[in-house]
Amino acid sequence: MLDTKYNHSLIEENKYEMWKDNGYFKCEEESNKKPFCIVLPPPNVTGVLHLGHAWDVTLQDIIIRYKKMEGYDAFWLPGMDHAAIATEAKVVKRLKDKGIDKYEYGREKFLDACWDWTKEHGDIIRAQWAKLGVALDYSKERFTLDEGLQEAVKKVFVDYYNEGLIYRGEKIINWDPAAQTALSNEEVVYSEEKSAFYHLKYKLENSEEYLDVATTRPETLFGDTAVAVNENDERYKNFVGKNVILPIVNKPIPVITDEHADMEKGTGCVKITPAHDPNDFEVGNRHNLERIIIMNDDATMNENVPSKYVGMTREECREEVLKDLEREGLLLEVEPLVHEVGHSERTGVMVEPMVKKQWFVKMRPLADTVLETQKDKNKKVNFVPTRYEKTMNHWMEITYDWCISRQLWWGHRIPAWYKGDEIYVGMQAPEGEGWEQDNDVLDTWFSSALWPFATLGWPHNTKLLEKYYPNQCLVTGYDIIPFWVNRMTFQGEKILGQRPFEDCLIHGLIRDKLGRKFSKSLGNGIDPFDMIKLYGADSLRYYLATDVSKGTDMRFDEEKIKSTWNYINKIWNASRFALMNIEGLKEIKLENLKDIDKWILTKYNKVVKNVTKHMDKYDFNIVGSELYSFVYDDFCSNYIEMAKFSLDDETTKSVLCYILTGILKMLHPFMPFVTEEIYQMLPIKDAESIMISSYPTYDKKQIFEDEELIVDDEILFIKNFRNVKKENNITKDMKIKFESIPNELLIKMLKLEDSITTDELDINSYNVLSNNIIAVIYSPYFLM
RNA sequence: GGGCGUUUAGCUCAGUUGGUUAGAGCACUUGCCUUACAAGCAAGGGGUCAUAGGUUCGAGUCCUAUAACGCCCACCA
């Protein structure tokens, strides 16, 4: 006999190991079943899983379990990401806490420390996946820095280099002065900062005339090599071609005309600092201007500035420069301004645009292929919801060359060797003496961009690759589209000539109850595993999967997990009731069906049809509410209540067992543990585990429209009768006269046996009821 | 500056191709320990669907503006 209370901790013990040990998580590469492959977005080995991960993997697990029950060769490939910059930062800090400096420690030992870190966190993450119950095929687990990925990365690098799609160049890049590495544009986040527009006086050489040059970064004036105005700007016509005197350093620099100078903006004069501003860099290229780098890698001022400023930070230097300008009467005006300033996504410090020699991927041809492919509905990546397609397309339109080199140690080392001016790029080190390998590693996203196929064995022509590429689906948050989805798409289409995945299911972000992002500084974090302890993984999963419609953000609400627990407790008890009454049932015989049997079978089949339709569209919240009302209203409140009067009937038992089995199966992808527990107790089952049982199918022969209407009407009558009874304070001992006698089932349901009468009653003694009932309740049982 | 999203009950959210009386959970009111479940059951109250126009026999749903909030993108000196 089942306990009257659902005990999630007990139920969720040991099942995961059982599924895993029985091989249910494994793909069936040798079978003829249609493949359904998802590669897991590899979590960073930097830390542990949070609620966002729990949401992400729950959605995928639902799809995988559903597809498996539907008869597909469902394959979910797990793995983790080495997360170059993020992990390196963690390991540097860990060593620092032990008093060890990264550079003194040396590259080799540092990498060992990174591998130790990876192993530790990998184990934690795997244990967390198990708690969540996700059906990952561990026999195919990969790591973005394992040998196979290293080979794939090198191959792409070498091939692209030979094709001219990867090049090394001196360009302006986003420099993170804290991590001391280059960043891609995607790794720069902009935030508003209070600053000012400083108007500086650039005097014309040998003249009292001057240009009013407005800038937000006066400290970079040491790097100025020109001042630009628009060629159509009448105001400055006679300045063009002459020199102005750079303040403080008193050096003459030319006044040039360039399209970049906008007559409408500011004063129309722009100082040009080619080494420290992306626009100015372009202007400098057009006019062959000198690039003067004025900062060290940690963003302190270098020896290219007057000695009094050398060694100052950018901020200190700005203050000093402003003081000095003011003293010399060269500061014309300070206009307060709020503007967007770029910061490093990882370290949070202000990004410094700097000219550096870095490696780049030439994006235009790759992006154009994607834009072209997206026009063909049989070849495109189908975003779900479709609006996210725009996010990718827009990025493909505006993207520019991807800076892929990082001045870090943890990552894929760039397969380029140098000897003097010679460069060698290849899979292995070149023959001969004196070659030195590039010290840098690649952006972590360079390897994760190869995830959908490198994990399947590419560059080798493996059976896995053949069968599971393109993947059928990818699931991730919309915040990852620029970093990852886009790059997987252009890499997949370039390297394998096909989209990496057919569908791309996008979910939102999870926020706290007040709609704020979860963050350490706010202290509003929720550990999903605390929730699992309190309510079980099944409750958490169901909540995450069904709370909001696809593609939208979610506000975390523990109350909802609690009410999901109540729902599962309801399912538990309904099952308990059914199991008590179907004990020893040998065979499901759907014969001699009564009206209520036909009614529940009809409702059930309609639900199966709808649920399947919405599962296929990833509309899990709709599936959730379909099943919820079927379980609560149709099955528990109505069928079970009515079935209580015919429990010795073999048909009732069969129907109970049949419907319960179907409910468990449809709920299984959402709440795998409890459904498995109950499934194992069924007297009749079609598989050794619900996980490998077959999904319910719609059966037209079980649709009985007439009986459905009859019972619907009876249910409406019951509800209305109870309502009237309550509103009029009708008590048990009062007699009720009906125009016609309700059927036996209704008499039992409403406990009317003792109160019903057909005798002639004095109309005054029951006027409250009879008129009301007839007036209020519309039902054939009274009107006939 | 460009784009996207959201706005529905006290709160958090559903609402599929336009179609009877707009739904759920939580909260609230009332009555019940009815042997599956009191973490439950039964019944109930509560919404001019952000605003203003429009299309339509019919609009929460489609169109056009407006507002508030949020997000993404963009080289703005």
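By convention in this document, chain letters (A, B, ...) are assigned in the order of the sequence lines, proteins followed by strands, and residues within each chain are numbered from 1. This structure is a prediction, so every number in the text was calculated from the model and none was measured.
- Outside the 6.0 Å centre-distance limit, the rings of A:Tyr535 and A:Trp565 are not counted as a close aromatic pair.
- The separation of B:G53 from B:G70, taken at their C1' atoms, amounts to 26 Å, rounded to a whole angstrom.
- Between A:His394 and the phosphate of B:A74, there is no side-chain N or O to OP1/OP2 separation shorter than 4.0 Å.
- Comparing B:A36, B:A43, B:A77 by their nearest atom to the side chain of A:Arg722 picks out B:A43.
- Between A:Trp395 and A:His260, the residue whose closest nucleotide on RNA chain B is further toward the 5' end is A:Trp395.
- Among B:G25, B:C41, B:C26, the nucleotide with an atom closest to any side-chain atom of A:Lys570 is B:C41.
- Relative to the ring axis of A:Phe360, A:Lys171 places its NZ or CZ within 45° and under 6.0 Å from the centre.
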Point to revise | Sugar-phosphate or base contact per nucleotide [nucleotides 6-16 of chain B; S, B, -; heavy atom under 4.0 Å] | key: ------BSSSB
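- When the C1' atom is used for both B:G45 and B:U29, the distance is 7 Å, rounded to whole Å.
- Across all strands, A:Cys636 comes closer than 4.0 Å to base atoms (heavy-atom distances).
- Nearest-nucleotide positions on RNA chain B for A:Thr4 and A:Met263 put A:Thr4 closer to the 5' end.
- Interface remark: the A:Glu641 side chain does form a donor-acceptor pair with the B:A36 base, using a distance-only criterion of under 3.5 Å.
- The line from OG1 of A:Thr652 to CE of A:Met642 is 12.5 Å long, rounded to the nearest 0.5 Å.
- Between the side chain of A:Lys390 and the base of B:C4, no donor-acceptor pair under 3.5 Å is found.
- Salt-bridge formation is not detected for the pair A:Lys613/A:Glu626: no Lys NZ or Arg NE/NH1/NH2 atom is positioned less than 4.0 Å from an Asp or Glu carboxylate oxygen.
- No contact: A:Tyr388 has no heavy atom under 4.0 Å from any strand.
- Straight-line distance between the C1' atoms of B:C28 and B:C57: roughly 40 Å, to the nearest whole Å.
- The phosphate of B:C75 has OP1 or OP2 within less than 4.0 Å of a side-chain N or O from A:Tyr400.
- For the atom pair OG1 of A:Thr225 and NZ of A:Lys271, the computed distance is 9.5 Å after rounding to the nearest 0.5 Å.
- Only one option out of A:Thr661, A:Ile11, A:Leu664 pairs with A:Ile678 in a side chain to side chain contact (heavy atoms under 4.5 Å, CB included); it is A:Leu664.
- Going from the P atom of B:C49 to that of B:A59 covers 12 Å, rounded to whole Å.
- Comparing B:U6 with B:U66, their C1' atoms are spaced 16 Å from each other, to the whole Å.
- Geometrically, A:Lys606 does not engage A:Phe630 in a cation-pi contact, judged by NZ or CZ lying under 6.0 Å from the ring centre and within 45° of the ring axis.
- Residue contacts shown for A:Phe281 are absent, as no nucleic acid heavy atom lies under 4.0 Å away.
- Across B:C26, B:A74, B:A39, the shortest atom-to-atom separation from the side chain of A:Glu559 is found for B:C26.
- Heavy atoms of A:Tyr632 sit under 4.0 angstrom from primed sugar atoms or phosphate atoms, though from no base atom.
- Spacing between atom OH of A:Tyr567 and atom P of B:C41 amounts to 13 Å, rounded to whole angstrom units.
- Nucleotides B:G18 and B:U61 are separated by 11 Å at their P atoms, to the nearest Å.
- Rounded to an integer number of Å, the gap from OH of A:Tyr542 to P of B:A24 is 14 Å.
- Both the sub-6.0 Å distance and the 45° axial angle are satisfied by A:Lys201 relative to the ring of A:Tyr210.
- For the P atoms, the distance linking B:G60 with B:U48 amounts to 13 Å, nearest Å.
- Note on A:Ala228: nothing from the nucleic acid sits closer than 4.0 angstrom, heavy atoms only.
- For the pair A:Asn566 and B:G40, the criterion of a side-chain N or O lying under 4.0 Å from OP1 or OP2 is met.
- Nucleic acid contact class of A:Leu579 (heavy atoms, under 4.0 Å, all strands): none.
- Proximity of A:Thr391 to the phosphate of B:G3: no side-chain N or O atom is located under 4.0 Å from OP1 or OP2.
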Practice item. Decide ring pair (Phe, Tyr, Trp, His ring centres under 6.0 Å) for A:Tyr542 and A:Tyr567; before the verdict, give the C-alpha distance in whole Å, the side-chain angles of both, and the deciding distance to 0.1 Å. Key: CA-CA 10 Å; A:Tyr542 180 88; A:Tyr567 173 38; 5.4 Å; yes
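- Across the C1' atoms, B:C4 and B:G47 are found 28 Å apart, a figure rounded to whole Å.
- At the heavy-atom level, A:Ala214 lies under 4.0 Å from the strands shown only through sugar-phosphate atoms.
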